[in-house]
Amino acid sequence: MADYFLGNDEYFKGIGKVAYEGPESDNPLSFKFFDAGKVISGKTMAEHLRFAIAYWHSFCGKGSDPFGSPTQIFPWDDPDPMTAAEKKADAAFEFFTKVGAGLYCFHDIDASPDGATVAEYEKNLFSMAEVLKERQDATGVKLLWNTANMFSNPRYMNGAATNPDFTVLARAGSQVKACLDVNVMLGGENYVFWGGREGYMTLLNTQMKRELDHLAQFLSISRDYGRSIGFKGTFLIEPKPMEPTKHQYDFDAATAIGFLRNYGLDKDFKCNIENNHATLAGHTFAHDLQVCADADMLGSIDANEGDAQNGWDTDEFPTNVYDSLEAMMVVLKSGGLKTGGLNFDAKLRRNSTDSEDLFLAHIGGMDTFALALEIADRIITDGKLDAMISKRYSSFDSGKGADFEAGKLSLTDLRDIAAGQGESERISGKQELIKNLINQYIFG
Ligand code: XLS
Ligand code: NI
Ligand code: NI
């Protein structure tokens with residue numbers, strides 16, 4: 001990956017390319033566990049993990065919250081919006097190359113100023129896409145996915161594709177069309193729909209079925225347009241149960257997959273699973289990943305984590321090795337991330353205001369997933385856990401259990417088998433043993 005800032009203003013002054021220095025290093029600006037070129041089961045760590053940087057949190061989010069103003073002062077700010085956007089792109093590519101992430105993700109209006117009209121919006125976006133293309137070519141950094149922000153502008157307060165007002169739906173369509181054009185220009189590997197306001201605040205004013213039909217129709221024509229202009233990648237739905245709506249239609253992986261299948265969209269769409277969204281839905285990260293893996297719908301991952309005591313999307317950088325490890329076990333067993341990636345949809349805390357903090361946050365996230373990858377690979381290759389699981393289900397491997405799986409037994413057959421077999425043994429699930437074993441793999 002070529003360095004980017006050479007010849008431009010350097011925004012993260014005094015910070016060079018982050019290198020692997022190993023677990024003994026006391027240099028905070030080095031990787032302790034992420035060793036990009038290290039081969040694990042036939043692929044390098046970088047190939048397995050496919051890290052991506054989220055433009056919005058890292059280069060747009062200024063730390064404001066409902067109680068206070070921005071705390072971040074970006075050296076790439078500029079009073080002229082197009083100049084600011086170009087400087088931001090320079091800062092972003094400087095960061096990508098210094099931290100060593102090969103992929104990035106952005107919303108349209110993260111990268112380019114919004115417009116008062118469709119034409120103005122398109123003009124800004126297409127001109128910024130040229131800028132991004134140049135930076136991609138200069139550095140080798142690639143686009144994991146882009147998306148349309150159809151939730152911030154007040155016009156989307158009642159939804160975008162599920163808005164009861166057709167004029168708003170049409171405007172949303174204009175954004176998706178432009179974003180797909182840009183995706184193809186930039187060689188994006190996926191295209192994301194996160195339906196932040198696709199849901200309702202109260203059922204008392206909502207025709208839910210009609211809104212879901214509209215959403216499906218909107219996604220279908222977006223798919224058709226994307227395919228017609230040569231988009232060969234995967235469309236991704238990013239489930240989230242709520243926030244900002246009271247109820248979001250893509251509640252969790254199972255709901256999103258049911259919706260996609262119901263409307264015949266499951267050939268072109270997969271899921272982008274975010275840890276903090278899964279936990280908001282009352283699941284674990286691994287649960288939503290497993291639901292996708294089992295349905296061959298695992299597209300990509302928004303790597304972050306929530307706060308166990310909070311009921312909202314706090315978008316923290318992942319540092320929890322245990323959760324990440326369970327996630328990586330699902331990913332590895334399902335054949336890896338393929339065209340997906342690990343996108344750090346995570347933000348610095350409001351009071352993390354040093355320019356090195358963005359590096360430290362990403363280094364921590366990358367190291368966490370590197371550890372998770374190594375340990376998950378060890379657990380899988382070792383086979384002890386898998387052997388325990390196989391044994392647990394072995395009554396279905398042969399005899400009547402296998403006949404049941406093959407659809408050869410009726411309910412009456414089950415009755416007759418049960419009548420002749422006596423009481424079942426109690427077979428322990430061995431949860432305590434398994435958890436101890438995992439700790440042994442982590443710390444042993
Ligand atoms: C918000 C979502 C959002 C999507 C992209 O909760 O995670 O950031 O990833 O629109
Ligand atoms: Ni996300
Ligand atoms: Ni989120």
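Counting starts at 1 for both ligands and their atoms, in listed order. Throughout, residue positions are numbered sequentially from 1 according to the sequence presented.
The minimum heavy-atom distance between Asp377 and Ser41, with the atom names listed, is OD1-OG, 2.6 Å.
Nearest N, O or S atom of Asp345 to the Ni ion (ligand 2): atom OD2. Here the N, O or S atom of Glu238 that is nearest to the Ni ion (ligand 2) is OE2. For Asp302, the N, O or S atom with the smallest separation from the Ni ion (ligand 2) is OD2.
Among all protein heavy atoms, the one lying closest to atom 2 (C) of ligand 1 is Glu238 OE2, 3.3 Å. The nearest protein atom to atom 8 (O) of ligand 1, hydrogens excluded, is given as Asp345 OD2, 3.0 Å; this is a heavy-atom distance.
In this structure, Val192 falls outside the shell of residues with a heavy atom less than 4.0 angstrom from ligand 1. Ligand 1 lies out of reach of His57, whose nearest heavy atom is not under 4.0 Å from it.
In the vicinity of His107, heavy-atom distances shorter than 4.0 Å reach the ligand 1 atoms 5 (C), 10 (O). Atoms of ligand 1 lying under 4.0 Å from at least one heavy atom of Asp302, given by number and element, are 9 (O).
For Asp313, the nearest N, O or S atom to the Ni ion (ligand 3) falls under 2.8 Å.
Enclosure of atom CD1 in Ile73 is not indicated, since only 12 or fewer non-hydrogen atoms of other residues, nucleotides or ligands lie within 6.0 angstrom.
Not a single N or O atom of Asn272, backbone or side chain, sits closer than 3.5 Å to an N or O atom of ligand 1.
Ring geometry, Phe59 versus Tyr55: the interplanar angle exceeds 60°, so the pair is classed perpendicular (tilted spans 30 to 60°).
Partner Leu332 forms a side-chain contact (heavy atoms from CB on, under 4.5 Å) with one of Leu373, Thr381, Ile379 and no other, that one being Leu373.
Without hydrogens or angle criteria, Asp345 side chain to Ala303 main chain gives no donor-acceptor distance under 3.5 Å. For Thr162 (side chain) and Gly159 (main-chain N/O), no donor-acceptor pair under 3.5 Å exists by modelled atom type. Of the possible polar contacts, none joining the Lys267 side chain to the Gly264 backbone as a donor-acceptor pair under 3.5 Å is found.
Judged purely by distance below 3.5 Å, without hydrogens or angles, the side chains of Tyr225 and Asp181 pair a donor atom with an acceptor atom.
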Tell me, with the steps shown, if Phe359 and Lys98 meet side-chain contact (heavy atoms from CB on, under 4.5 Å).
CA-CA 9 Å; Phe359 282 86; Lys98 281 183 168 176; 3.7 Å; yes
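The OE2 atom of Glu274 and the NE2 atom of His277 meet at the Ni ion (ligand 3) at an angle of about 90°, given to 10°.
At a heavy-atom cutoff of 4.0 Å, ligand 1 is contacted by no atom of Glu243, backbone or side chain.
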